[in-house]
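To start, the structure under review is shown below, and the notes come after it.
Letters go in sequence order (proteins before strands), and every chain restarts at 1.
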There are 2 protein chains.
Amino acid sequence: MPTGRPREFDTERALELATSLFWQKGYEGTSLSDLTETLGITRPSLYAAFGNKEALFRLVLQRYEAKAGAYRTKALKAPTALEVARQLLEGAAELHGDKANPVGCLGVHGALACSDEAAMIRRDMSAHRIAGEAAIRRRLTRAKAEGDLPPNASPSDLARYLSVVIYGMAVQSVGGASHAELRRVAAIALSQWPKSAR
Amino acid sequence: MPTGRPREFDTERALELATSLFWQKGYEGTSLSDLTETLGITRPSLYAAFGNKEALFRLVLQRYEAKAGAYRTKALKAPTALEVARQLLEGAAELHGDKANPVGCLGVHGALACSDEAAMIRRDMSAHRIAGEAAIRRRLTRAKAEGDLPPNASPSDLARYLSVVIYGMAVQSVGGASHAELRRVAAIALSQWPKSAR
DNA sequence: ATCGTTCTATATCGATCGGTATATTAGTCT
DNA sequence: AGACTAATATACCGATCGATATAGAACGAT
């Protein structure tokens with residue numbers, strides 16, 4: 001099985017740059033010209049390496065979730081419901097307040113993606129968001145069973161509340177909210193958290 | 001001054017339909033073909049009546065703010081800070097949970113607008129959001145002066161928190177959150193609103 | 001009836017969109 | 001060296017983007 005001419009660019013580095021682009025501008029806002037210009041490769045090279053724009057976006061999405069979503073999976077392992085909520089909110093503040101990251105949120109951008117041709121992407125992103133919220137809900141359901149939330153607390157409502165605040169922080173970061181400002185938002189949001197009976 | 005041939009379509013009705021379109025799909029996601037098809041008029045008619053796509057969008061934005069933003073100005077007139085917050089959050093739940101309205105939020109869509117050519121729109125929408133948050137902050141500053149918020153409360157942080165929750169509800173509504181679900185989010189967001197000393 | 005004005009309809013503009021056909025270059029394998 | 005394979009570069013595809021040129025149609029004024 002002959003091997004052929006070796007690739008002249010670093011695919012990992014290219015994915016990094018593509019992630020940054022999609023993160024800033026969303027799926028539809030990022031054109032192939034944006035991509036080839038920033039990645040420093042030609043169109044055919046991009047298509048040979050990644051398939052097409054949609055396939056590239058899905059690869060980027062995986063990287064994004066591994067990087068930006070890491071705090072979520074970690075947060076869900078916290079011992080108490082309050083600590084789960086705290087880590088989720090502060091993680092979001094950290095992510096969106098970090099000047100090293102582009103503003104905004106790939107998930108929110110994708111969820112609100114615009115035209116009809118991106119409907120598939122929009123559905124996928126919607127599914128991702130729902131799955132994320134469901135994971136929080138399951139964790140809070142367990143917390144309630146463990147007596148870690150008051151009996152009248154609703155895990156699904158609390159999970160939805162956390163999701164709302166997290167996505168709202170992403171929108172706010174587009175407007176230039178600082179790390180410190182988002183942390184204070186997280187603190188206020190957390191202060192609404194129901195106290196456990198114990 | 002001769003008057004010429006009268007317009008054959010209702011501009012008010014056309015603006016209504018355009019508002020609905022932009023609301024659903026955002027500025028960039030709505031193409032001229034979408035517009036002419038839905039409004040039932042031809043391109044030249046649209047340009048003669050409204051200028052161009054950007055000018056049409058600004059007209060639509062005014063209508064949207066008059067309609068969707070009415071609850072905000074009304075809420076700011078409530079007698080207490082708690083009531084202001086309650087009306088803002090429940091108003092957002094009402095707006096985004098109403099099945100008669102398209103999902104999403106014109107403001108959030110615009111804020112996250114994608115490509116470079118819409119940068120002007122994005123800046124404008126960002127300014128709108130900042131102005132909205134500033135109005136809330138001023139109202140809460142007054143409330144604090146009136147002893148309606150505890151001395152350690154931060155009007156700017158609370159205003160930012162309210163904005164975050166409101167925008168988060170808009171994002172959540174894209175995923176299909178119901179009126180009732182959003183109202184429960186609003187209730188949680190309000191559950192520990194800082195109590196005044198009085 | 002004719003003129004002036006304004007809206008409407010058709011057809012099209014250049015630019016850009018995502019995506020490729022073709023030919024050349026650079027490498028491994030025998 | 002020669003054959004085979006894969007990545008590159010150029011140039012281009014049809015479709016769609018926002019926006020218009022042009023010509024005809026419907027009105028008021030005279």
Side-chain angles (χ1 to χ4, degrees), chain A residues 1-15 17-18 21-22 24-61 109-110 113-122 124, chain B residues 1-15 17-18 21-22 24-61 109-110 113-122 124:
Chain A
M1 178 193 288
T3 51
R5 176 174 174 176
R7 184 166 284 134
E8 290 184 1
F9 64 94
D10 179 359
T11 54
E12 276 306 308
R13 174 66 183 152
L15 277 177
L17 292 167
L21 264 181
F22 280 125
Q24 286 180 350
K25 312 173 76 170
Y27 177 69
E28 297 185 294
T30 306
S31 70
L32 280 186
S33 298
D34 290 335
L35 287 165
T36 56
E37 217 170 295
T38 302
L39 308 200
I41 65 180
T42 61
R43 273 169 148 78
S45 294
L46 191 151
Y47 276 79
F50 304 112
N52 60 12
K53 187 185 177 185
E54 185 176 335
L56 172 59
F57 182 76
R58 292 185 195 282
L59 285 175
V60 160
L61 195 54
H109 257 129
C114 317
S115 79
D116 298 327
E117 73 186 29
M120 175 80 78
I121 298 283
R122 187 170 53 233
D124 275 24
Chain B
M1 179 194 289
T3 52
R5 176 175 175 177
R7 184 164 286 132
E8 291 183 1
F9 63 94
D10 179 358
T11 54
E12 276 306 309
R13 173 68 182 147
L15 277 177
L17 292 168
L21 264 181
F22 280 126
Q24 285 180 351
K25 312 172 77 167
Y27 177 68
E28 296 184 295
T30 306
S31 70
L32 281 188
S33 299
D34 290 334
L35 287 166
T36 55
E37 221 170 290
T38 301
L39 308 200
I41 65 180
T42 61
R43 274 171 151 77
S45 295
L46 190 150
Y47 275 81
F50 304 111
N52 59 13
K53 187 185 177 184
E54 185 176 334
L56 173 59
F57 182 76
R58 293 185 193 280
L59 286 175
V60 160
L61 195 55
H109 257 131
C114 316
S115 77
D116 298 327
E117 73 187 31
M120 176 80 76
I121 298 282
R122 185 170 55 233
D124 276 23

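Counting only heavy atoms from C-beta on, B:N52 has its side chain closest to D:dA19 among C:dC17, D:dA19, D:dC17.
Partner of B:L56 under the side-chain contact (heavy atoms from CB on, under 4.5 Å) criterion, out of B:L61, B:T30, B:L35: B:L35 alone.
When the P atom of D:dC17 is taken as reference, atom CG of B:L35 falls 11 Å away, rounded to whole Å. At whole-Å resolution of the value, NZ in B:K53 and P in C:dA15 are 19 Å apart. The nearest whole Å value for the distance from the CG atom in B:L21 to the C1' atom in D:dG18 is 16 Å. Residue B:E28 contributes atom CD, which lies 18 Å from atom P of D:dT16 at whole-angstrom precision. Rounded to an integer number of Å, the gap from CG of A:D10 to C1' of D:dA7 is 15 Å. Here D:dA21 presents its P atom at 12 Å from OH of B:Y47, a figure rounded to the nearest Å. Regarding A:L32, its CG atom lies at a distance of 15 Å from the C1' atom of D:dC17, rounded to whole Å.
By the side-chain contact (heavy atoms from CB on, under 4.5 Å) test, B:L17 pairs with B:R13, B:T38, B:L39, sequence neighbours left out. By the side-chain contact (heavy atoms from CB on, under 4.5 Å) test, A:A119 is found to be paired with A:R122, A:R123, residues two or more places apart in sequence or in another chain being considered. For the side chain to side chain donor-acceptor pair (under 3.5 Å) test, residues two or more places apart in sequence or in another chain that qualify with A:R5 are A:E8.
OP1 and OP2 of C:dT16 both lie 4.0 Å or more from every side-chain N or O belonging to A:S33.
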**Fill in**
Letter by letter from the 5' end, nucleotides 8-14 of chain D scores (B base, S sugar-phosphate only, - none; protein heavy atoms under 4.0 Å) SBB----

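Residue pairs meeting the salt bridge (charged side-chain N to carboxylate O under 4.0 Å, His left out) criterion with at least one member in residues 47-57 of chain B, sequence neighbours excluded, are B:E54-B:R58. Annotation: side chain to side chain donor-acceptor pair (under 3.5 Å) contacts involving residues 43-52 of chain A, sequence neighbours excluded, comprise A:T42-A:S45.
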